[in-house]
Every structure is written in structure tokens, then in C-alpha cells.
Student: 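Before I ask anything, let me first share the structure, which is written out below as C-alpha cells.
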Amino acid sequence: MTERLEWWRNAVVYQVYPKSFADGNGDGVGDLPGAISRLDYLQALGVDAVWFSPIFPSPQCDGGYDVSDYRNVDPLFGSIADAERFIREAHARDIRVILDVVPNHSSIEHPFFVEAIGTPPGSAAWQRFHCVQGKGEHGELPPNNWQSIFGGVAWTQIRDASGALTGWWYLHLFDSGQPDLNWNHPDVVKEFDDTLRFWFDRGVDGIRIDVAQGMVKEAGYPDVKDANDATLLDPHARPYFDQPEVHDIYRRWRRIADSYDPPRVFVAEAWLDTPEKRARYLRADELHTGFNFDLLTAEWNGEAWKRIITDSMAADALVGAPTTWVTENHDVRRSPTRYGGRVVLRQVATTEHLALGRRRARAAMYTILALPGTTYLFNGQELGLEEVIDLDDSQRQDPHFRRTNGEHLGRDGCRVPMPWTRGGVSLGFGPSTGSPAWLTQPTTWGELSVEVQESDPSSSLARVRKAIAVRRAHHALLSGVLEWDDVRCRDGVVVFKRVLANHPTVVCVANMGDGPTPTVRGTLLCASSELVDGMVPPDTTAWFAQDG
Ligand code: NOJ
């Protein structure tokens, strides 16, 4: 019973980037009816849950992470009725649904901001945001030296009703279209209590919390020491991230989630520089899980992987939380491109690099699927899609590209819509009579499409499906303890066992080294690439079952 209630401890969660998964109405942009039509695909893939990046009404200045109404659905994606249908039909297939709530900032089209902008700075309506007097004689300079994560100053000067600049500024750690909310204001607290309940009442099983280390800002808005270092993983204390009071918010949210039957769950998106800091968000009365981004930024290196796995599990064990594993999402370069060799800005990877990268990306998925905890897959990862580097600049929508004048290519390249069929106007992403996809898909993706890979037992899709099915069938992979084979872990080879009493042990051999490595005793369950001469070749992960 407990195991079933605590499904989030060992789930495979599939991330749907709504604009890029499936287009039901043919406008070139993915939507909920499209996603509903692909639920059978997700069921066949064997995932336990789907996480949707934001589907709420939004001017889309940051792909929906700028929300104007937390309790509605953007017409771009459909309606509340479509969301309810998705939830119902997913549940009928035993797939859970996680939505993505963005509490650190709203949109300039959210009613709170619309109300504030119509009043003089310093008014009651502005108290829901961080509206601060600027420096300089007339407030013409920003209040402090904080920089936006997307580049440029983190403050925008407010204009009065006549359009003239005032001496006041509002804070936005991301784009100027994403004003930071003031979590000391009771209306903000209530807005999110209501939002959680609204979606939980509609059967949503869990919530991903965007910028979960954000929300609370240090009083007085002190300068940061190194204003040029605005990276999310900055190891220095930041007056706007990881403040102690943020934990009070999560204790409150946990009580709301626990008031439901079955209890609803949270996953924190908190970029923190150590596993210990992340674990503090996962204490028993706070959040259930948090993304572990350490493998997302790791190179293809066995020693690094072993260290990350060990450290992450040790930190999470202190608070009794499961670890999560992520090698792709909508914010970073696709893994075949990352693993296929260093990619220089705008330089498209060679066919050779991509073949190597895809092979490694498959082996990486096999490795994380063999680890204890929850594994995340990003839509298209199962197909081995690469980063699309050479998109036309006119198509790029990421504010990171715009705010850095193209110095950063941005994240559009990992958000290019899925290819479902070998041919057709959008490779089956939308109806054959519909528009091309909102970001142009490479023509080569026809050969990577679901249609092509479904009929090839050695394809990435077929191998990932197989691994998820084997994981489901082997209790040791779901709840066995991890034991390292320290003798075999060398020269880039990573070997661990999953051990559970009264069940066959499963051994995972991940070869990230340069030469072939021997197999282990037992039956081969599945492998990310073919074994050669009874050996696990480089860039391959294989699983073996051992009785007794
Ligand atoms: C994290 C999200 O994953 C990313 O896509 C977004 O741009 C930022 N948070 C800001 O909301």
C-alpha cells in the first residue's frame, strides 16, 4: 500500500514541453488535444507520470514561465475541459499528472501587475511585487547591482500614467515580462494556496515548483559581491536565492498537499550548488522530491558519474528522500549533442559526433533507469533527438537569446517539435493538412521519427521501451538497495547492483571508458547497444539478472 501511495519514490516521469509534443489543431504549436491523442504512446513507453511545463494563460515571453492566470489554460493549448480530459484519460492508463507552477514571478499580464501598473509606484497594489526606489538623484539608477539570469539588469524602471519615467523600479530575476512576486504579501500567499487547491481538486497528482530556491529576497536588497556572476549555480550566497524563510512556504504547501487523498506531491526545481543544500528542501515536512541537476551538467565520465551518484544519494538519504535523475530537460542542450563532443557556438555537430552522442545518450538513459529513485525523460529524449543548433535566428523565442543580443543561442534548440512520422508537413507533429511546426524540424528527423523507430527493434525508442518494461518487471530495480562493485569500477566503467531480498539481483554495467569490459555472471536483460564478443563495448550500458 505504502509503495503504491509513494509512487513518486521510483517513478519514470516524462516531461512534455506542451508547445513541442503534439499539435492537435494544426496551428503548428503543440496542445492538450494533441497530447491526449498520444497517451497510448506514453502508455506503451511505460512511463508512470507526465509532467507538463506550464499550460496556463501567458503572453509566452518565456515559453509559458510567465503566467497571467494560474487557474486557467492558455487557449494556445486548449481549455480547462481539455486539461481535465487529459488527467482523466491519463489516470485511466495509470499515468499520473504533474503540472508546473511558477511562484517566483508572474507575468506583466497577471491581474496583480495590471492593477499595479495603473497606480503610482509605492501604492498598495505595487506591494505585491518588489517595487523599489532607484539610486541617484532622481532614482534614475537601479536599486542595486542584481543581474537578470537571462542577461542585463534585473530591474525595470516604472513609468507613470503619462509614460514618463519615475524614480521607481520593479525586480525581475528573469525577463522584464516576469516580475518577481513579493512573498511577504498575504495576497501572493493566497494566490498560490488557491492555485494548488484548484489543480489538486481537478485530480492533478503533483506540482513541479519553478525556481523553488527563489521567492524570498533578503530585506534591504543588498548588492551581490560579483554582479557579473548571475549563474543559477553560483556557489556564493545570493540575497535572492535559498533564503531560510522559503522553507516556511513549503511547510505550508505540504500541509495543503497532505490534506488530499491520496496526498499530492511536489518536485522542486532548485538549482543549488551542493546536494546537501538541495536535501534541506526535502525534509519530511517540506517537499517530496527535488531535481538533481548534477548529471545534467556532468560530462560523459565514469568517475564523475560515480561520485555524483554517491554524493546525491548520501545527501538525500539524510532526509529520507529519494534521489532524482535528469540528463535532459527544456533548459539545456540535448544529450546526444552534449555527449558527442564539444559544441562550439553555432557549430553543428558532425554526423560522426552525433552517432557517438546518441549512443552515449542511450547508455546514459539505461544508467539512470537502473538507479534507485525517480528518473525524468524529456520529450524526444527517447528518440535520441539532437540539439538543433542552426535554427534561423528569426525563429528563436528564448529571452536569453534576445537579452544577450545572440551571445547565448538560448534554449530553442532543445524545444524543436517531435517527429512522429517519416514525412509530412510537420513530420506528423500536427495533422497532415496543418501548418509547419513553430520551430523548423531538421529534415533528417524523419528517420528519427516514432514511426521509423517503432518498426526497428534496435532503435533508441525500442531500447528505452524495453528498459522501462524490464525496470517495471524487476522489483530490485524499483526498490532494491544500490551496492557498488568497487573492483569493477575503474577506467571509466561504472558497475553497481540493485539488491532486494527474495528477488533476482540486477547488475548494471555502464561502460563510459575507452575499451570493452567483460559482462557479469547472469542473464542479459537488455542493453543500450549490442554486446560484442560477449563484452560490453564502450558507450554502452547493459543490465544482467542474477538469481540468488
Ligand atoms: C526554470 C524553467 O525551467 C525555465 O525554463 C524558466 O525560464 C525559468 N525557470 C524562469 O521561470
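We count ligands from 1, going down the list as the structure has it; atoms in each ligand are counted the same way.
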Student: Kindly assign one of parallel, tilted or perpendicular to the pair His400 and His408, based on the angle between their ring planes and the thresholds 30° and 60°.
Tutor: parallel
Student: Note the single closest protein heavy atom to atom 1 (C) of ligand 1, along with its residue, its atom name and the distance in Å.
Tutor: Asp210 OD1, 2.9 Å
Student: Examine the proximity of ligand 1 to Arg208 and report which part, side chain or backbone, both or neither, has a heavy atom under 4.0 Å away.
Tutor: side chain
Student: In terms of side-chain geometry, is the basic nitrogen of Arg396 or Asp393 positioned less than 4.0 Å from the acidic oxygen of its partner?
Tutor: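 Judged by the 4.0 Å cut-off on N to carboxylate O distance, Arg396 and Asp393 do form a salt bridge.
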Student: For the pair Arg252 and Asp193, find out whether any cationic side-chain nitrogen is under 4.0 Å from an anionic carboxylate oxygen.
Tutor: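 Salt bridge: yes.
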Student: Can you list the atoms of ligand 1 that are under 4.0 Å from a heavy atom of Phe150?
Tutor: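 This gives 7 (O) as the contact atoms.
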Student: Counting from 1, what ligand 1 atoms have a heavy atom of His105 closer than 4.0 Å?
Tutor: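 Numbered from 1, ligand 1 contributes 10 (C), 11 (O).
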Student: Between Arg415 and ligand 1, find which residue part has any heavy-atom pair under 4.0 Å and reply side chain, backbone, both or neither.
Tutor: side chain
Student: Please write down residue, atom name and distance for the protein heavy atom closest to atom 7 (O) of ligand 1.
Tutor: Asp62 OD2, 2.6 Å
Student: Would you say His400 contacts ligand 1, with heavy atoms under 4.0 Å as the rule?
Tutor: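 Contact absent.
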Student: Quick test: of every protein heavy atom, which one is nearest to atom 3 (O) of ligand 1, and how far off is it to 0.1 Å?
Tutor: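 Of every protein heavy atom, Asp331 OD2, 2.5 Å lies nearest to atom 3 (O) of ligand 1.
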Student: Please name the residue in the list Phe129, Phe113, Trp155 that meets the ring-ring contact (aromatic ring centres under 6.0 Å, His included) test with Tyr170.
Tutor: Phe113
Student: Can we say Asp205 and Arg264 salt-bridge, meaning some charged N sits less than 4.0 Å from an Asp/Glu carboxylate O?
Tutor: no
Student: Looking only at atom types and distance, does a side-chain atom of Asp223 sit under 3.5 Å from a main-chain N or O of Asn145, one as donor and one as acceptor?
Tutor: yes
Student: Counting from 1, what ligand 1 atoms have a heavy atom of Arg411 closer than 4.0 Å?
Tutor: 4 (C), 5 (O), 6 (C), 7 (O)
Student: Any idea which atoms of ligand 1 are less than 4.0 Å away from a heavy-atom of Val211?
Tutor: 9 (N)
Student: For the pair Arg254 and Glu286, find out whether any cationic side-chain nitrogen is under 4.0 Å from an anionic carboxylate oxygen.
Tutor: no
